[in-house]
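Notes to accompany the following structure.
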Number of protein chains: 4
Amino acid sequence: MRVDLNSDLGESFGAWTMGDDAAMLDVVTSANVACGFHGGDPSTMRTTCELAKRRGVAIGAHPGFYDLQGFGRRPILGQTACEIESLVAYQIGALQAMAISVGHKVTHVKAHGALSNMACIDLNMAQALAGAIKAVDPSLYFVVIPLTQLERAGEAAGLKLAREIYADRAYEDDGTLVSRKKPGAVLHDPAAVAARVLQMIQEEAIVSVNGKRLPLTVDTVCIHGDSVGAVEMAKAVRSALIAAHIQIAPFSKPA
Amino acid sequence: MRVDLNSDLGESFGAWTMGDDAAMLDVVTSANVACGFHGGDPSTMRTTCELAKRRGVAIGAHPGFYDLQGFGRRPILGQTACEIESLVAYQIGALQAMAISVGHKVTHVKAHGALSNMACIDLNMAQALAGAIKAVDPSLYFVVIPLTQLERAGEAAGLKLAREIYADRAYEDDGTLVSRKKPGAVLHDPAAVAARVLQMIQEEAIVSVNGKRLPLTVDTVCIHGDSVGAVEMAKAVRSALIAAHIQIAPFSKPA
Amino acid sequence: MRVDLNSDLGESFGAWTMGDDAAMLDVVTSANVACGFHGGDPSTMRTTCELAKRRGVAIGAHPGFYDLQGFGRRPILGQTACEIESLVAYQIGALQAMAISVGHKVTHVKAHGALSNMACIDLNMAQALAGAIKAVDPSLYFVVIPLTQLERAGEAAGLKLAREIYADRAYEDDGTLVSRKKPGAVLHDPAAVAARVLQMIQEEAIVSVNGKRLPLTVDTVCIHGDSVGAVEMAKAVRSALIAAHIQIAPFSKPA
Amino acid sequence: MRVDLNSDLGESFGAWTMGDDAAMLDVVTSANVACGFHGGDPSTMRTTCELAKRRGVAIGAHPGFYDLQGFGRRPILGQTACEIESLVAYQIGALQAMAISVGHKVTHVKAHGALSNMACIDLNMAQALAGAIKAVDPSLYFVVIPLTQLERAGEAAGLKLAREIYADRAYEDDGTLVSRKKPGAVLHDPAAVAARVLQMIQEEAIVSVNGKRLPLTVDTVCIHGDSVGAVEMAKAVRSALIAAHIQIAPFSKPA
């Protein structure tokens, strides 16, 4: 068995830093790199690509809304499918250039923040995302949350999909994330998180808060990099997987 | 004899429009497309690429400083060569993705505004520009102003160069543009502009205000698209060249 | 009888211009000045304040979302009431400083674009707007659309209200604007617009598309300044009111 | 004897934090608050004003260039005196509104980063700064670096001046800061910094690296808040002054 560990990185902007990228790059196998619209800037992107290359970490574009102040977390309505497709294509291209500049290569795309949240439930937006990927480079993997419109649109577009689970979030019976407003929505204990991730990979299923199993091949596990204790949790997950003889490698480098 | 006509296009931003792109695209053979840093946005870039493709107009990235309010015309100091290289690479990549999305292809790069002005006299900055082009795609043409550090850096990097003259600007004896503060710096009469452009192409030389000739193969003529009477002047230049049996075609599509 | 004519002005940004402010300032009596978040920049704001002062035109802050690319027309969700209050207060203060710098004075506030549209139906947001005005300067007039949450929140906050009608928009029986997707939503004939505005002022009522009358004292008439024929329509409205012996003066300068 | 301690605060932006404002506000007596152009956003500004008010810390506007990516540290050329005056006035007004919203009051202005550095040696720019302050509120204190064009322009404008020294920077014999490129330019030992600050206050002079004394009444001491160990150094300076029976109070609240 094998799985990929991914994290959102390169989210610093100018003089402001976010997360401990260097430490996270020692743990994950895929980095979702911010592309300048919600975080990141050309120099940060370049540095992130360089660091990832040195460590053999695969990189993907992490496009978000054009909203630095809101860090791409605020839903911005009133954008046409064509506008969404353009803003996603733009960000993929920008990262491709940064990657190629340092001898690395973009191999996946994962939507950020409100763009991802909205596309999970809005097929038009999900199709715009998939359409942008297909138009720019159909060989790119599309990281999707299972059972969402993202997955549906990605499948319809014939893209290679990487299905991800969240290491530290609880799931409802229908596969959606438990709202952050409910108790237990976010798991904080590294050991518990690691055990649950291992369970989902081994059982090939999302395990909901009620114990329901939703069959799924887990291609990648999302580990947050910008919260307190992020690096510790990431290491705990990695160690648990290795101890269970699960190979940790980028989904974009099939065995 | 043949020559290319280029213009800066796609400079609208959101709800604000600039220039008459549709009209200019009927006149020029190469469009320098703003990449979102000083003007342009993803949707405008996409539309510009589509319009250019339909008319057979070649497109190039027109990177500028990250300064929408100043339209990229304000020198921003304190940027390292690496930062300049990154911001140029970013913008080239972004346009490449927009172009490929609509079935077109970026074939040249021309620096905008203060970035260009500074690089004309600052070899480090010119090298950063040339370095970005070479790193992202060494097959791209680099549009340079003859006798500047841009040309020198482009040659040193081994890039394919397209040497341009300005249709409506007067030249000093050393090949630099006459300062806008001096009378006669900008030519306004379409007929006079057309005649002078024709002369420089046929004589293969920049002709200064004092009549001095600086030998040069003119690959492309820059025609401004955002001033009053821009379209009329562009048409006058084009007509004069055609009347003189000079072929007008993109430099990036050699016969 | 008297009424005010207002228009959204100062919406240029950097090198991009929008509307014919100079012409509109000869027609209207109140200018809603963009404050740099969706349009406008410090220099444009200053110039607009100067031009308004010279013509005796009252000025108001026209705060919008922080979204230059979307010109403040895109709903941005996920902002708390406190954040909305802060962004409105910020923009009012910025314009106050520009006004005082040139010897003029801000006397009203009118929300722009999506901020206004959302606050019309969202009491929390309307209260945040009213709260910002009250906190910064409770003597400011609050321009509201009658029968909306804006009016309700303004009344509850004890602010001086200026109730406005739109010169060129059709109204439903409940006082809301007819959706732009329906035929007849926007009126284009200057004479018809002028006649209808006159009717609503004289009958002291909004007159709906079905002829229903919603009683109302019209304090100000909004005339768009950025569309084709805007100036002509503005002049037609002004002429019709003058011909009917209705005094045209800023609501903020009571007789 | 009495002196003020000032620090640049409120420099977080959206999701990105900078410095430990809460800790610094327990040490300083004046806060220079970023106004959204190089750092800060409306919500951060409001929070900073609230925290300062609670602790009795005076607040001032800290205007910078419109350059979030460069944090206002990059010289942006090509701005007219009128543009500089407008951008400064805008930022002062924005902070005034935030302050009044929470019951506090702006009492000083101190230029940030490249705007300050350029104005120190460019009289036109310094006059634009002083002009903006005078136009918006002539009762505001202008924090200046002694022996610069800032001081000269402030005096000429008849503004109340607060002369500041830097706690952790070495001075040349002419009163300018030792270049950061030279060894010893920045002092790192809290005890040494505290002793030197105390000396300059007591001797009423800047003491240069060569021991030269430049007579000066020190109104305020600038303590950096965003570097490692900033809070410790600030506390060391404060303790040393208190131990020497020097009263620490805002310059804007004369005894």
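Below, read A as the first sequence line, B as the second, and so on, with proteins coming before strands; counting in each chain starts at 1.
- Atom OG of D/S101 and atom CD1 of C/I133 lie 11.0 Å apart (nearest 0.5 Å).
- Distance check, rounded to the nearest 0.5 Å: CD1 of C/I92 to CD1 of D/I100 gives 11.0 Å.
- Between C/E83 and D/P42 the shortest side-chain heavy-atom distance does not fall below 4.5 Å.
- Counting heavy-atom pairs closer than 4.5 Å to chain C, the top-ranked of the candidates D/S43, D/G36, D/G131 is D/S43.
- Note: C/A94 leads C/A94, C/A135, C/C35 in heavy-atom pairs under 4.5 Å with chain D.
- Distance OH/D/Y90 to CD/C/Q96: 12.5 Å, rounded to 0.5 Å.
- Between the OG atom in C/S86 and the CG atom in D/D41 there is a gap of 8.5 Å [rounded to 0.5 Å].
- Atom CZ of C/R152 has 12 or fewer neighbouring heavy atoms from other residues, nucleotides or ligands inside a 6.0 Å radius.
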